[in-house]
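For reference, the structure is listed below as structure tokens.
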2 protein chains.
Amino acid sequence: MDFQVSFNVNNKLFVKDPDNTDLGRQIVKNAIDLIYTLGFEQFTFKKLAIEIQTTEATIYRYFENKHKLLLYILNWYWSYMEFLVMFKLQNLDNPEIKLIAVIDLLTSDLPDTSGKFDYNKKYLNQIVISESSKAYLVKDISEINKDEVFKPYKDLCSKIADLIAEYNPKYQFPKSLTTTLIESSHQQQFFADNLPKLTDVNSNNHQDFVRLFLKELLFSSIVKKV
Amino acid sequence: MDFQVSFNVNNKLFVKDPDNTDLGRQIVKNAIDLIYTLGFEQFTFKKLAIEIQTTEATIYRYFENKHKLLLYILNWYWSYMEFLVMFKLQNLDNPEIKLIAVIDLLTSDLPDTSGKFDYNKKYLNQIVISESSKAYLVKDISEINKDEVFKPYKDLCSKIADLIAEYNPKYQFPKSLTTTLIESSHQQQFFADNLPKLTDVNSNNHQDFVRLFLKELLFSSIVKKV
DNA sequence: TTAATACAATAGTAACACTATCATTTATAA
DNA sequence: TTATAAATGATAGTGTTACTATTGTATTAA
């Protein structure tokens with residue numbers, strides 16, 4: 001694939017739209033690299049400022065705090081993922097094949113894009129795996145949820161849940177199964193890499209393993225019972 | 001139930017065993033209350049010290065940092081949970097009934113105990129739901145894993161995975177299914193409470209809902225195919 | 001040419017995550 | 001009972017984090 005993609009990320013997530021300036025895009029791009037390298041807890045605006053040779057104060061003009069920056073990055077990812085799902089499902093009719101395509105997407109790295117958004121897709125993927133739950137597992141979740149900062153995630157979930165309902169309208173838990181698939185896909189990849197005894201991974205290709213597990217989990221849950 | 005329980009929590013998790021002194025037990029008990037109230041990010045040793053009218057320095061004599069304290073609390077929880085599983089499964093033969101009992105345990109509050117460990121079980125449960133993944137989603141996971149700080153969690157998982165293998169020896173992913181059940185049980189409870197649109201809850205009793213969902217998920221995965 | 005905007009440079013504050021020192025209380029053992 | 005060690009309290013201090021404020025300069029737009 002080779003085209004430019006661009007999404008309107010929720011404007012409650014930034015003070016000044018980083019998408020509009022070179023510096024803004026540098027901030028986001030280098031934030032991804034640095035969060036990947038240091039982990040979210042060790043990542044600070046100070047370190048990011050040094051990395052791109054600017055000052056903390058400047059970064060604060062774009063983002064209120066690092067949590068919002070993380071949410072911005074994740075929203076970009078979820079929006080992109082929803083776009084990819086839409087794109088890949090074009091011209092597909094069979095609900096089973098559609099769901100298989102979705103699982104493949106959820107367990108693959110993002111395709112590289114050229115142009116303005118040359119974020120490191122491998123890093124971005126790892127951030128989603130290791131850091132995304134920290135975006136919602138916070139005490140002020142109900143406050144930040146009011147700003148609709150989880151809309152892209154919810155939209156993606158709802159789209160996949162619809163596919164499940166299409167496959168088997170009688171299945172009772174399409175949304176919970178969807179979030180379980182998505183979150184489990186991250187967890188199992190993380191465990192396979194870091195705590196492999198918590199999984200059944202045996203090959204070297206962890207993504208293949210997770211893909212297999214999730215397909216089994218999904219289709220045995222939603223199979224139409226006679 | 002009414003008896004005293006006591007576990008040997010991994011001694012790499014503390015500097016001085018909090019289990020041996022009144023002050024140590026106060027620290028753990030009040031840490032649970034405070035982490036529940038403030039969330040792990042806002043929780044500090046300073047605030048805890050004020051709460052129990054001691055000083056930061058004193059708390060540092062028991063725990064190196066708040067991450068280790070969280071791990072200590074979670075290890076206590078996982079050890080207790082494994083004990084409860086063992087206890088509840090006594091005298092049960094039928095693997096299906098055993099697995100149902102396990103899911104019931106995973107989706108219920110801990111029973112109250114008297115004696116030294118009068119931790120607030122409702123708070124502890126919420127901490128497990130909201131904070132436990134923060135114990136392992138850290139950059140230095142491989143370092144801390146060397147100290148076997150995840151052993152109680154792994155032991156519990158392995159015990160449940162064995163039950164799955166007992167039910168259906170041909171099922172390929174007993175461990176991954178187990179971690180998925182446990183983690184999903186937390187997530188779905190968290191989502192039901194905070195981001196209900198990501199789930200299919202309709203009743204007021206979120207625990208019943210999660211229980212139903214997980215049983216369905218588990219047994220459709222491991223059903224013996226003809 | 002003026003005026004606005006964007007950014008850099010610098011300084012400062014309160015909280016956090018510790019470490020160190022020393023005095024005092026408490027438990028224990030000779 | 002006294003000596004001794006261990007546990008805790010009190011206090012201080014350091015470097016870092018998470019910001020906010022101010023002021024000067026370069027760029028751009030009217």
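All values below come from the heavy atoms of this structure, side chains included, with hydrogens, waters and symmetry mates left out. Proteins come first, then strands; the chains are lettered A, B, ... in the order of their sequence lines, and each starts at number 1.
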Which nucleotide sits closest to the side chain of B/Lys16: D/dA7, C/dC7, D/dT11?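 Shortest atom-to-atom distance from the side chain points to D/dA7.
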Quick check: B/Trp76 with B/Tyr80 (ring centres under 6.0 Å apart)?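 Yes, ring centres under 6.0 Å apart.
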Nearest-Å distance for atom pair [atom1]/[atom2], residues [X] and [N]:
{"X": "A/Asn20", "N": "C/dT5", "atom1": "CG", "atom2": "P", "answer": "15 Å"}
{"X": "A/Lys66", "N": "D/dT17", "atom1": "NZ", "atom2": "P", "answer": "9 Å"}
{"X": "B/Lys68", "N": "C/dC18", "atom1": "NZ", "atom2": "P", "answer": "11 Å"}
{"X": "B/Tyr62", "N": "D/dA7", "atom1": "OH", "atom2": "C1'", "answer": "7 Å"}
{"X": "B/Leu23", "N": "C/dT26", "atom1": "CG", "atom2": "P", "answer": "13 Å"}
{"X": "B/His67", "N": "C/dC18", "atom1": "NE2", "atom2": "C1'", "answer": "17 Å"}

Can you name the atoms? Protein N/O to nucleotides 19-25 of chain C N/O, anything below 3.5 Å, with the distance.
none

Check: [Y] main-chain N/O paired with [X] side-chain donor or acceptor under 3.5 Å:
{"X": "A/Thr179", "Y": "A/Ser176", "result": "yes"}
{"X": "A/Lys134", "Y": "A/Glu41", "result": "no"}
{"X": "A/Gln189", "Y": "A/Ser185", "result": "yes"}
{"X": "B/Asn30", "Y": "B/Gln26", "result": "yes"}
{"X": "B/Lys66", "Y": "B/Phe40", "result": "yes"}
{"X": "A/Lys29", "Y": "A/Asn120", "result": "no"}

Polar side chain donor-acceptor pair, B/Tyr153 to B/Ser132, under 3.5 angstrom: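 There is no such pair between these side chains.
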Please work out which residues in residues 31-54 of chain B have a non-hydrogen atom less than 4.0 Å from an atom of DNA chain C and list them by number.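 Contacts with DNA chain C under 4.0 Å: B/Thr44, B/Lys47.
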Which part of the nucleic acid, if any, lies within reach of A/Phe63 when heavy atoms closer than 4.0 Å are counted: base, sugar-phosphate only, or nothing?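 Here A/Phe63 touches no strand at all.
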Identify whether NZ of Lys or CZ of Arg in B/Lys139 sits under 6.0 Å from the centre of the six-membered ring of A/Tyr36 and within 45° of that ring's axis.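 Verdict for A/Tyr36: a cation-pi partner in B/Lys139.
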Could you tell me whether the phosphate oxygens of C/dC7, OP1 or OP2, come under 4.0 Å of any side-chain nitrogen or oxygen in A/Thr58?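 Indeed not, no polar side-chain atom of A/Thr58 lies that close.
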